[in-house]
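Per chain, numbering begins at 1; letters A, B, ... match sequence-line order.
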2 protein chains.
Amino acid sequence: MSVKHALLSLLEQEPMYGYQLRQEFESRTGGTWPLNVGQVYTTLTRLERDGLVEAAGEDEDGHERWRLTESGHEEVATWFTTPVARTQPPRDELAIKLALAVTVPGVDVGTLIQRQRSASMTALQDYTRLKRQAGASGEASDLAWGLVLDSLVFAAEAEIRWLDHCEARLRRAATQEVPATAAAAAEQVTR
Amino acid sequence: MSVKHALLSLLEQEPMYGYQLRQEFESRTGGTWPLNVGQVYTTLTRLERDGLVEAAGEDEDGHERWRLTESGHEEVATWFTTPVARTQPPRDELAIKLALAVTVPGVDVGTLIQRQRSASMTALQDYTRLKRQAGASGEASDLAWGLVLDSLVFAAEAEIRWLDHCEARLRRAATQEVPATAAAAAEQVTR
DNA sequence: CGACACATGTAACACGTTACATGATTTG
DNA sequence: CAAATCATGTAACGTGTTACATGTGTCG
């Protein structure tokens with residue numbers, strides 16, 4: 001869904017051809033989410049099928065460009081004015097993993113948390129390293145990339161805080177409450 | 001990927017039948033991520049095809065149960081010992097949206113941010129309301145649900161902080177730097 | 001009885017990924 | 001010239017979603 005709307009937004013600016021769409025997407029997000037070229041073409045086909053884009057003739061170099069239709073413009077407008085729904089949040093693999101690790105007996109939750117924590121710390125360091133490269137040129141795409149990087153940083157920090165919180169919470173569960181599996185899972189954190 | 005591993009983890013505890021797997025998954029995650037029953041069956045078929053689960057005969061009530069194979073156990077062990085890779089993070093629709101909103105001319109970024117902010121605040125309030133319901137019973141699944149809820153809370157808080165950060169960053173871009181689109185986008189925040 | 005939860009499936013579709021095929025153009 | 005980048009596509013596959021079909025058991 002993100003790719004579809006991303007392509008439409010880019011075409012809102014001006015008609016573009018397939019390969020160009022990928023370049024624009026990657027430059028504006030700093031290559032954070034690499035976009036397979038093939039997917040651009042298949043998505044464009046589907047968007048044409050759904051009447052959101054249409055062929056707009058060739059440019060000077062003979063590239064087949066695409067432009068938004070009426071519905072396409074509306075779709076973009078709706079996308080930008082409608083907040084991303086957190087009512088049914090996307091599945092978070094880490095949260096699911098931890099929830100199951102806590103309830104399934106025999107899983108070493110303490111080690112799981114520690115491993116994840118150091119992995120997230122590494123990711124965080126990579127982001128801050130990238131941030132130093134991001135600035136300087138002053139282009140609009142760099143502003144965007146900076147914000148994208150910040151979102152990754154904020155998310156990684158939140159993840160680390162949550163992991164610490166989980167560790168503390170499990171430790172508390174181990175000492176206070178003592179029913180069945182919760183205690184068994186929590187024990188492994190206290191070691 | 002998450003569903004596949006979630007089902008495998010549940011079967012690590014004991015052999016179960018399809019419908020039961022959905023119930024267990026939803027109770028352990030507090031229904032945060034509703035799981036379509038149909039997907040359980042199709043996933044089980046695929047897992048059998050891949051040699052990770054096998055039929056384990058019927059239980060007392062005539063339900064066809066599934067158990068892990070050797071490879072299945074290994075897969076679960078690997079899942080629990082391998083951190084979730086943040087090296088190539090999943091596409092974040094909000095971050096993509098904002099990155100494009102900033103670089104595509106004519107988008108009212110200020111309003112976008114404010115709308116998203118209030119949507120995220122609402123979600124956050126819903127989570128804290130749910131938290132009050134979550135505690136009390138002291139079962140292991142409630143501990144898990146509590147942690148899942150906390151992860152949503154932490155994520156929502158981080159999102160809100162990031163949105164505020166974006167607003168400030170854009171406001172700064174509007175006053176200091178003055179090149180083309182960045183300024184145009186940032187102007188709308190200052191209004 | 002009628003509604004609802006339990007229970008098992010299947011079909012069609014949407015989205016995304018990887019890999020492959022093919023050719024033009026650019027650059028060291 | 002060789003390699004890399006530009007450029008357009010297609011095929012196969014994995015995962016997930018929705019909707020439908022079908023039947024049993026239970027409870028008000």
Side-chain angles (χ1 to χ4, degrees), chain A residues 1-8 10 15-27 29 31-53 55-66 75 79 84-85 87-93 96, chain B residues 1-8 10 15-27 29 31-53 55-66 75 79 84-85 87-93 96:
Chain A
M1 219 83 252
S2 333
V3 172
K4 170 183 158 181
H5 285 116
L7 298 189
L8 289 175
L10 289 170
M16 299 183 187
Y17 55 93
Y19 198 87
Q20 188 182 6
L21 281 166
R22 186 187 79 155
Q23 286 175 320
E24 290 295 328
F25 177 83
E26 293 207 348
S27 81
T29 54
T32 306
W33 300 289
L35 177 57
N36 188 290
V37 204
Q39 197 182 340
V40 173
Y41 295 108
T42 54
T43 303
L44 281 173
T45 314
R46 290 162 185 169
L47 288 173
E48 188 185 24
R49 177 201 61 189
D50 299 340
L52 299 174
V53 304
E58 303 186 346
D59 70 355
E60 320 81 53
D61 301 318
H63 302 303
E64 188 61 40
R65 281 183 308 177
W66 298 86
E75 184 69 26
W79 191 54
V84 174
T87 42
Q88 292 185 354
R91 290 208 186 90
D92 179 348
E93 183 170 356
I96 291 174
Chain B
M1 221 81 251
S2 332
V3 172
K4 170 181 158 183
H5 285 115
L7 297 189
L8 289 175
L10 289 171
M16 297 183 189
Y17 56 92
Y19 199 87
Q20 189 182 6
L21 281 165
R22 186 188 79 157
Q23 287 177 319
E24 290 295 329
F25 178 83
E26 294 208 346
S27 82
T29 54
T32 305
W33 301 288
L35 176 58
N36 189 290
V37 204
Q39 198 183 340
V40 174
Y41 295 108
T42 54
T43 304
L44 280 173
T45 314
R46 290 160 185 170
L47 288 173
E48 188 185 23
R49 176 201 60 191
D50 299 340
L52 298 174
V53 304
E58 304 186 346
D59 69 355
E60 320 80 53
D61 299 320
H63 302 304
E64 188 62 39
R65 282 183 307 178
W66 298 86
E75 184 69 27
W79 191 53
V84 174
T87 40
Q88 292 184 353
R91 290 207 186 92
D92 180 348
E93 182 170 357
I96 291 174

Determine the minimum heavy-atom distance between [X] and [Y], stating which atoms define it.
X	Y	value
B:Leu44	B:Val53	O-CG2, 3.9 Å
A:Arg91	B:Pro34	NH2-O, 3.5 Å
B:Thr43	B:Gln39	OG1-O, 2.5 Å
A:Leu8	A:Glu75	CD1-CG, 3.7 Å
A:Gly57	A:Glu64	N-OE2, 3.5 Å

How many whole angstroms separate atom [atom1] of [X] from atom [atom2] of [N]?
X	N	atom1	atom2	value
B:Gln20	C:dA5	CD	P	19 Å
A:Asp61	D:dT8	CG	C1'	15 Å
A:Glu64	C:dA24	CD	C1'	17 Å
A:Met16	D:dC6	CE	P	16 Å
A:His63	D:dG9	NE2	C1'	15 Å
A:Glu24	D:dC6	CD	P	13 Å
B:Leu44	C:dG9	CG	P	9 Å
A:Trp66	D:dT8	CH2	P	11 Å

Verify the contact: side-chain N or O of [X] to OP1 or OP2 of [N], cut-off strictly under 4.0 Å; return yes or no.
X	N	answer
A:Tyr19	D:dT8	no
B:Gln23	C:dC6	yes
A:Tyr17	D:dT8	no

query = With the sugar-phosphate defined as primed atoms, P, OP1 and OP2, and the base as all remaining atoms, what B/S/- string results for nucleotides 10-26 of chain D, 5' to 3', for protein heavy atoms under 4.0 Å?
reply = B---SBBBB--------
query = With a 4.5 Å heavy-atom cut-off, do A:His63 and A:Gln20 have their side chains touching?
reply =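 They are not in side-chain contact.
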ask   = Under the 6.0 Å and 45° cation-pi test, does A:Arg22 pair with A:Phe25?
value =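 Relative to the ring axis of A:Phe25, which defines the angle, A:Arg22 lies outside at least one limit.
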